[in-house]
Amino acid sequence: MTAGQLFSECERELSALTAANTRAKSARLNGHITLADYEYTLEALALSSAVTFESFIRRLFISAVAGTSEIPHVKSRLKDVDEQQAEQILRGDQKYVDWFPYIRTMNRAYKLLQNGQPFSRLHFRIQANQALAELITVRNRIAHSGEEAEAKYIKSIAQDDRTFERPARWLAHIPSGRSISNFDRISDQLRRAARGLTEPKPDLELIFGEPESVSKGTFGPAGRYKCMTCVGDFAQMGADVLPGCQCLTSNAKWQIEKIYVR
């Protein structure tokens, strides 16, 4: 399938899950279902969101490696492979491929796709990567009863607040300063990520907001970077660790302005 087709399918499924949450929330507020019913529903919707997005990433990666994505400038380092062969190569002798944490997908992309495109588009995109990390942690907590999944959830998501010991309560929570719940925020970021990964020439700042500012020594894709101290530009011609700026400011940080397609 092409990237455009995969995006349409992913967006449709994620929007349907968001709408299902809205209906369940309304049913709860009107007394048609119990709080427990709503919490079970919300956790099921979170699991489905994770499955939907992970499937989207897997299929888009296979499409990019096989050269069927139809995204301009996305080029595979593997030649003359179809989608079935690409999937076999990715899996190797493993039963399945781990796509998350997302850094695993980006590292794989830098090896198999020129400049990691399109997956390197999420490099330094704070809100999208945070939402992905939160969703996977919540998914693992819901799906697994082990101590490791519970401990990671309590520490990184609930932040030791026992009010959110159950994932559904954190998902339904509307944090101070925000107008939507954590579930709706994550759903929005997933749709933005799917769009940013599949558009031919996406405006990444419009989709994701301002990228993270990073220090020298941080690994980054080929692209044009701006020093946040002297506002000087630096062109990195290949995916590599970022050098210090010529302004010699010890704590100078870089912000990516454009990811190269080559």
Side-chain angles (χ1 to χ4, degrees), residues 10 13-14 16-18 20-21 24-25 28 33-61 87 90-111 119 122-178 180-194 212 214 218-219:
C10 180
E13 292 181 11
L14 290 173
L17 292 170
T18 301
N21 177 48
K25 189 189 307 180
R28 166 58 187 155
I33 61 174
T34 66
L35 174 60
D37 289 337
Y38 176 61
E39 289 179 343
Y40 283 125
T41 300
L42 187 52
E43 289 179 355
L45 292 173
L47 284 175
S48 294
S49 297
V51 169
T52 294
F53 195 76
E54 186 169 27
S55 175
F56 163 76
I57 290 292
R58 179 184 65 82
R59 295 165 73 192
L60 179 61
F61 203 105
E87 185 168 17
L90 287 168
R91 188 185 302 123
D93 59 358
Q94 305 297 314
K95 291 183 179 180
Y96 58 89
V97 179
D98 284 326
W99 299 101
F100 298 112
Y102 187 73
I103 188 64
R104 293 179 180 174
T105 294
M106 281 205 294
N107 288 341
R108 191 174 291 119
Y110 282 121
K111 293 178 181 177
F119 299 94
L122 292 192
H123 215 135
F124 307 136
R125 301 296 163 179
I126 307 170
Q127 294 181 54
N129 282 290
Q130 177 185 340
L132 276 173
E134 289 171 337
L135 177 62
I136 298 308
T137 300
V138 167
R139 178 201 66 181
N140 292 343
R141 176 65 188 96
I142 296 170
H144 305 294
S145 58
E147 293 181 3
E148 182 178 351
E150 179 179 5
K152 185 172 183 180
Y153 168 79
I154 292 296
K155 183 178 180 179
S156 63
I157 303 296
Q159 296 182 349
D160 296 320
D161 185 343
R162 291 294 171 176
T163 304
F164 304 125
E165 188 169 4
R166 179 164 184 175
R169 293 172 188 173
W170 180 84
L171 289 165
H173 178 63
I174 301 176
S176 176
R178 289 180 175 165
I180 59 176
S181 69
N182 287 317
F183 176 82
D184 287 337
R185 172 181 56 81
I186 289 173
S187 296
D188 175 65
Q189 287 298 320
L190 293 182
R191 289 193 294 272
R192 288 173 182 270
E212 180 183 10
V214 296
T218 303
F219 184 86

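Values below: all heavy atoms of this structure, side chains included; hydrogens, waters and symmetry mates excluded. Source: prediction; values computed, not measured. Numbers here are sequence positions counted from 1.
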With rounding to the nearest 0.5 angstrom, report the [atom1] to [atom2] distance, [X] to [Y].
| X | Y | atom1 | atom2 | result |
| --- | --- | --- | --- | --- |
| E150 | E148 | CD | CD | 12.0 Å |
| E134 | I186 | CD | CD1 | 5.0 Å |
| L17 | S48 | CG | OG | 5.5 Å |
| Y96 | L90 | OH | CG | 15.5 Å |
| L135 | N140 | CG | CG | 9.5 Å |
| I154 | W170 | CD1 | CH2 | 12.5 Å |

Using every non-hydrogen atom in the two residues, find where [X] and [Y] come nearest and quote the distance to one decimal.
| X | Y | value |
| --- | --- | --- |
| T41 | A24 | CG2-CB, 3.9 Å |
| P167 | R141 | CG-CG, 3.6 Å |
| L190 | L132 | CD2-CD2, 3.7 Å |
| Y102 | I57 | CE1-CD1, 4.1 Å |
| T105 | W99 | OG1-O, 2.6 Å |
| A20 | L45 | CB-CD2, 3.9 Å |

Listed partners of A109 passing side-chain contact (heavy atoms from CB on, under 4.5 Å), at least two apart: F61, L113, F119

side-chain contact (heavy atoms from CB on, under 4.5 Å) against T137, all qualifying residues, sequence neighbours excluded: K152, Y153, S156, I157

Hey, does [Y] have a side-chain heavy atom less than 4.5 Å from the side chain of [X]?
| X | Y | answer |
| --- | --- | --- |
| Q130 | R185 | yes |
| S181 | L171 | no |
| K25 | D184 | yes |
| V138 | L47 | no |
| N107 | F219 | no |

R91 and E87 ion-paired at < 4.0 Å: yes

Salt bridge (Lys or Arg N to Asp or Glu O under 4.0 Å) pairs, two or more places apart, involving residues 42-56: E43-R166, E54-R139

Donor-acceptor under 3.5 Å (N182 side chain, P175 main chain): no

Option passing salt bridge (Lys or Arg N to Asp or Glu O under 4.0 Å) with D98 (candidates R108, R104, R58): R104

Ring geometry between H173 and F164 (parallel below 30°, tilted from 30 to 60°, perpendicular above 60°): tilted

